[in-house]
There are 2 protein chains.
Amino acid sequence: MPVTKSTKLKPERVGTRSGTRLPDRRQGVTLADVARLAEVSEITVSRILRNHGPAAPATRDRVLAAVRETGYVPNRLAGGLASSGSQLVGVIVPSLTNIVFPEVLGGIRAALDGSGFQAVIGVSDYDLVTEEELVASLLAWRPEAMVIAGFDHTPAARAMLEGSGVRIAEIMEIDSTPIDLAVGHSHFQAGFDTGQYLLGRGYRRFGYVGHDWIADRRARLRHDGLVAALAQAGLSLLASQRIEGPSSVAAGREQLAALLAQGPKLDVVVFSNDDMATGGVFHCMATGLVPPQDLALFGFNGLDIGQALPTPLSTMRSNRFLTGKTAIELLLAQRVRPSQPQVVDTGYEILPGATA
Amino acid sequence: MPVTKSTKLKPERVGTRSGTRLPDRRQGVTLADVARLAEVSEITVSRILRNHGPAAPATRDRVLAAVRETGYVPNRLAGGLASSGSQLVGVIVPSLTNIVFPEVLGGIRAALDGSGFQAVIGVSDYDLVTEEELVASLLAWRPEAMVIAGFDHTPAARAMLEGSGVRIAEIMEIDSTPIDLAVGHSHFQAGFDTGQYLLGRGYRRFGYVGHDWIADRRARLRHDGLVAALAQAGLSLLASQRIEGPSSVAAGREQLAALLAQGPKLDVVVFSNDDMATGGVFHCMATGLVPPQDLALFGFNGLDIGQALPTPLSTMRSNRFLTGKTAIELLLAQRVRPSQPQVVDTGYEILPGATA
DNA sequence: CGCTTCTATGTTAGCGCTGTCATAACGCGG
DNA sequence: CCGCGTTATGACAGCGCTAACATAGAAGCG
């Protein structure tokens, strides 16, 4: 009878029921297979592959040859489980089609490069419930750190993040107190500075074109900052126009047309971001308005597209790449949460451009 | 004595060496903790959480309450290892800053939505060696399927992909034979069709503005298709200009200027994509050229920005979202590789626009 | 030459979960 | 009231890997 005894490791592989799991197991090569071929123990193979602990050159060569011969690919599920360290960083952003988020991811990747860590990206679509699901789902991979855009989370999501014990960076804004670490800049202040800058340039008759405030809370903060700067000078917005959907060049174009149709004579229009402002520039081009003489335009973000326009867009450049990079660097440098939440300002700068 | 029985499972936890691993283990709640609190076995909790197998309503409630109370988050590393199924799909794209890739990812996410699967994204930066590393790294997570942009891989990467046994979709192009599945459209044909379309509109004096062919092989295929169409009509490109770097609006603007400075009188310029073509439109605006009368411009991709221009860009629209979505749907519908590689054409269409 | 100190490798015991095979309890028809 | 099919639950044995603790041999040293 082939019902031997099922002892030690896995003699049944062939014994009990002629390869019980072989048919469906496409997995194939494991550490044990490599070890057998190289005639060493599994742990030796493991150590050599991770450059961990000493190893005789001869053994190392034998093992590496066996790895190559078998086409062994380590199983990180097993590795992570055994070492309780997944080498994973969870990242949650609201969108990938708004170019600022891929840019942040670029910074994250740059900082992760060579660290052995891998980013797992979740996209929330500006939806807090989706975000909560993503938090749960990413936490289930036992990441070593987590990066999430913004401060707005459902109570459940916040509880999970806090309770997870992993380091958390909330990025893109610093206008609230973070759970652990915030990296970004103040959108309120950016809006305020925009107002002051434009007032300094002599503009007095302000209009505003924006997009969805519920989803994009940061756009709203910039608006509020702008309004505050105007109020301080005894002024207010003469006209304002906002769509419910996401920002886009087409929306900016339409909304500026709608804003101008409202009537009040304006000398400057501030847009919620560069996409919208670029649309505004297009509207001016199509209708023969020449910025900044006929109408000044101001954006936010410092996107390439705005700078490549025939008349470069006047805007504020934020440091998306730096934000992502800094967040990861700080997270990995200190693996336990500090007692006090930390805030890092990656700043912004005015790009004068030629539209305001 | 509170040392009741706690036996069976892991009595040494407290016995042998007073919590050997407890201090450093921030992990916290495990299935066992939930099971203990709900007074059932671990497997029962596991089954209930996965809706797998029968469960008495009372037990289910007790378990769910315990989960809530403890804040339990399942460990997918352990789950994946035990069930040899990670519920992961690996995705490798060359870039995130070129908007077409986030759009593909959007399709992938849409198809994955509700399936319980999660995408792990790698970005190769148009570098095949980086891509190879990503293949190894993603395969180590034992994904159930893999999506990768393009057909160009190092031999090692190809071997890993083939040997892994998982289903592979090579997306964005269909001009070569895939390992398993290809989803996208023919870039050569798109270029050819562009040529035919423009010839049909009466253009005869063609110029070309492009970007990095080594990294972006698909742009080159479109160029080759265009040249083939011209050759068939006894024509050829009168002038051509190309940068080594990635495409951008600014680059398109500069390169069109350089192209026109070359001398030959042109009546149409074909660009490697819409970013470049938008830059071309900007150059015309800045220099007073009015498309299409003074110079016709043609792009590729059908991006929003091109359509929002004062004169909408004439271009070809490809279906990035559909490509991503289709790839995942086909991959998940059939979990074993078909004997024959399969090719799915997601097509493209001409957007007449107003610049050609 | 006995003893410490490396260096190279192995043994053992899980990591936290799930597949598989029991087992218990409950109808229910004959 | 026996046997049988359900339904609900549990025991057990790993998944593939690695931390922690041996162990064995080779130096190093007074």
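Keep in mind that the numbers below use all heavy atoms, side chains included, and drop hydrogens, waters and symmetry copies. Below, chains carry the letters A, B, ... as their sequence lines are ordered, and counting in each starts from 1. Please read these numbers as outputs of a predicted model, since none were measured by experiment.
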Return no unless some side-chain N or O of A:Arg50 is found under 4.0 Å from OP1 or OP2 of D:dT18. yes

Per-pair distances, 0.1 Å, donor-acceptor, side chain in residues 149-162 of chain B, under 3.5 Å, sequence neighbours excluded:
{"from": "B:His153", "atom 1": "ND1", "to": "B:Glu131", "atom 2": "OE1", "distance (Å)": "2.8"}
{"from": "B:His153", "atom 1": "NE2", "to": "B:Gly150", "atom 2": "O", "distance (Å)": "3.4"}
{"from": "B:His153", "atom 1": "NE2", "to": "B:Glu170", "atom 2": "OE2", "distance (Å)": "2.8"}
{"from": "B:Thr154", "atom 1": "OG1", "to": "B:Glu132", "atom 2": "OE1", "distance (Å)": "2.8"}
{"from": "B:Thr154", "atom 1": "OG1", "to": "B:Ala157", "atom 2": "N", "distance (Å)": "3.0"}
{"from": "B:Arg158", "atom 1": "NH2", "to": "B:Phe151", "atom 2": "O", "distance (Å)": "2.9"}

Measure from CG on B:Leu77 to P on D:dC17 and round the result to the nearest Å. 14 Å

From the list D:dG16, D:dA19, C:dC17, which nucleotide is the closest neighbour of the side chain of B:Asn75? C:dC17

Tell me the interatomic distance from B:Glu42, atom CD, to C:dC15, atom C1', rounded to whole angstroms. 12 Å

Identify, between B:Ser83 and B:Glu39, the residue whose nearest nucleotide on DNA chain D lies closer to the 5' end. B:Glu39

Hey, could you give me each pair passing salt bridge (charged side-chain N to carboxylate O under 4.0 Å, His left out) that has a residue in residues 114-126 of chain B? Not counting sequence neighbours. A:Arg109-B:Asp125

d(CG, B:Leu31; P, C:dG19) in whole Å: 12 Å

Quick one: A:Leu81 CG to D:dC17 P, roughly how many Å, whole number? 12 Å

Could you list all N or O pairs between the protein and nucleotides 4-9 of chain C that sit under 3.5 Å apart?
{"from": "C:dT9", "atom 1": "OP1", "to": "A:Thr59", "atom 2": "OG1", "distance (Å)": "2.4"}
{"from": "C:dT9", "atom 1": "OP2", "to": "A:Ala56", "atom 2": "N", "distance (Å)": "3.0"}
{"from": "C:dT9", "atom 1": "OP2", "to": "A:Thr59", "atom 2": "OG1", "distance (Å)": "3.2"}

List, one per line, each side-chain donor-acceptor pair under 3.5 Å for residues 88-95 of chain A, sequence neighbours excluded.
{"from": "A:Ser95", "atom 1": "OG", "to": "A:Thr97", "atom 2": "N", "distance (Å)": "3.1"}
{"from": "A:Ser95", "atom 1": "OG", "to": "A:Thr97", "atom 2": "OG1", "distance (Å)": "3.4"}
{"from": "A:Ser95", "atom 1": "OG", "to": "A:Asn98", "atom 2": "N", "distance (Å)": "3.1"}

Are there over 12 heavy-atom neighbours, none belonging to B:Gln342, within less than 6.0 Å of that residue's CD? yes

Here the salt bridge (charged side-chain N to carboxylate O under 4.0 Å, His left out) pairs for residues 63-77 of chain B, sequence neighbours left out, are none

Looking at residues at least two apart in the chain, or sitting in another chain, which of them share a side-chain hydrogen bond (donor to acceptor under 3.5 Å, both in side chains) with A:Ser124? none

Residue pairs passing the salt bridge (charged side-chain N to carboxylate O under 4.0 Å, His left out) test with at least one member in residues 81-94 of chain A, sequence neighbours excluded, are none

My understanding is that only residues two or more places apart in sequence, or in another chain, count here; which of them pass side-chain hydrogen bond (donor to acceptor under 3.5 Å, both in side chains) with B:Arg47? none

Say you draw a straight line from CZ of A:Arg142 to CD of A:Gln87; how long is it, rounded to the nearest 0.5 Å? 16.0 Å

Using atom CZ of A:Arg76 as one end and atom C1' of D:dT18 as the other, report the distance to the nearest whole Å. 14 Å

What's the CD-P distance between B:Gln87 and C:dT18, to the nearest Å? 11 Å

Round to a whole Å and report the spacing from NE2 of B:His52 to C1' of D:dA8. 15 Å

Inter-end axis angle, the helix from C:dC1-D:dG30 to C:dG30-D:dC1, with every axis fitted to five base pairs (rounded, 10 degrees): 40°

Can you tell me if A:Ser46 touches the phosphate of D:dT18, counting only side-chain N or O atoms and a distance under 4.0 Å to OP1 or OP2? yes

